[in-house]
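These numbers come from the heavy atoms of this one structure, side chains and all, not from hydrogens, waters or symmetry mates. The structure presented is a predicted model; accordingly, all values stated were derived computationally and were not measured.
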Amino acid sequence: MTMRSSTRNRRALAVASVSAAFILALTSCGSDGDGKGKEGDSAPPSASATPSESSGSDTVKQQDTAAGENVDPNVKLAEIRGQNGVVMVVNQVLRDSGGFVTVQAEVKNDGDKPVNPAQWAGSESVIVRQNLSSVGGATLVDKLGKKRYYVLRDTDGRCLCTTKIAPLQPGDSTAVFMQFPAPPSTTTEVDFSLPTFATASLKISG
């Protein structure tokens, strides 16, 4: 069955007063863009490294498990194989005027055993702690600009991505989204990585 929920307008969450909290470390990466950490890479700043004076009203609200509105599930930009029979179909990679890129996809368990999504949050302690069972471990790599982009998060480390993903039983699927800082307009293609999935090249629209 499909567990697709309606989403809130994430663009409205990107208020100017918290722009600084959204600017992550855009670190140099190898020209192969395989998404793996290399010498000279650094993790994005944790919540403790962001200004402590940010008020509660400046905090991006926690997202529920949801994908964006007006996304055609029949559009298939890429099919990415994961472990244990899990498949991610990317439906949209959209650049918006606010300076963000949003990746929307559907993840399906085509295997014969239940799948726990906990690993998809990655290994960064702040993301794992604040975003249980999320896709917060996703990254985009701009091979042209030699930079890696992490999922946006607020000053408390809560990501602009799908969270609280329930374990997927065989045959189950769920819609997911991840929002990143946008690379320069000259960059039209990026490498997408999510823990336990293969790396895929995605074209940016918009």
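The hydrophobic clustering, which links ILVMFWY residues whose side-chain heavy atoms are closer than 4.5 Å, places V176 and V103 together. Clustering ILVMFWY residues whenever any of their side-chain heavy atoms sit less than 4.5 angstrom apart, transitively, puts I204 in the very cluster that holds V90. One hydrophobic cluster, built from ILVMFWY side chains closer than 4.5 Å, cannot hold both I127 and I165; they sit in different ones.
Partner of M178 under the side chain to side chain contact (heavy atoms under 4.5 Å, CB included) criterion, chosen from T162, L160, V135, L152: V135.
Sequence neighbours left out, not one pair with a member in residues 75-96 passes ring pair (Phe, Tyr, Trp, His ring centres under 6.0 Å).
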Practice prompt. Dump the intermediate steps for side-chain contact (heavy atoms from CB on, under 4.5 Å) on V107 and F197, then the final yes or no.
Written response: CA-CA 11 Å; V107 181; F197 286 84; 4.2 Å; yes

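Judged by distance alone, with hydrogens and angles left aside, the side-chain atoms of D142 form no donor-acceptor pair with the main-chain N or O of K147 at under 3.5 Å. Judged purely by atom type and a 3.5 angstrom limit, Q130 uses its side chain to pair as donor or acceptor with the backbone of D156. A donor-acceptor distance shorter than 3.5 angstrom exists from the side chain of D154 to the backbone of R158, with no hydrogens or angles considered. Under a 3.5 Å cut-off, the side chain of R153 and the backbone N or O of V151 do form a donor-acceptor pair.
We find that K76 and E106 are not joined by a salt bridge, their nearest charged nitrogen and carboxylate oxygen being 4.0 Å or further apart.
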Output side-chain donor-acceptor pairs under 3.5 Å for residues 109-116, partner residues at least two apart or in another chain, one line each.
from	atom 1	to	atom 2	distance (Å)
N109	OD1	G111	N	2.9
N109	ND2	K113	O	2.8
N109	ND2	L168	O	2.9
N109	ND2	Q169	O	3.4
N116	OD1	A118	N	3.0

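Residues W120 and T196 have side chains that bring a donor and an acceptor to within less than 3.5 angstrom of each other. For the 3.5 Å distance criterion, the side chains of D191 and T199 fail to qualify, holding no donor opposite an acceptor.
Annotation: the span from L144 atom CG to T187 atom OG1 amounts to 5.0 Å, rounded to 0.5 Å. Between atom CG of residue D96 and atom CD of residue Q179 there is a gap of 6.5 Å, rounded to the nearest 0.5 Å. If you take CE on M88 and OG on S173, they are separated by 12.0 Å, rounding to the nearest 0.5 Å. Summarising the geometry, atom CG belonging to L77 is positioned 10.5 Å from atom NZ belonging to K203; distances are rounded to the nearest 0.5 Å. Distance check: K164 NZ to S134 OG gives 11.5 Å after rounding to the nearest 0.5 Å.
For the pair P184 and R95, the tightest heavy-atom approach, listed with the atom from each and the gap, is O-NH2, 3.4 Å. Here the closest non-hydrogen pair linking V126 and G157 is CG1-CA, 3.6 Å. Between G122 and V128, the shortest heavy-atom contact is O-CG2, 3.2 Å. Residues L140 and F192 come closest through the heavy atom pair CD2-CD1, 3.8 Å. Of all the heavy atoms in P195 and G137, the pair that sits closest is CD-O, 3.5 Å. The two atoms that bring F180 and Y149 nearest to each other are CD2-O, 3.7 Å, heavy atoms only.
The shortest side-chain heavy-atom distance between V87 and I80 does not fall under the 4.5 Å cut-off.
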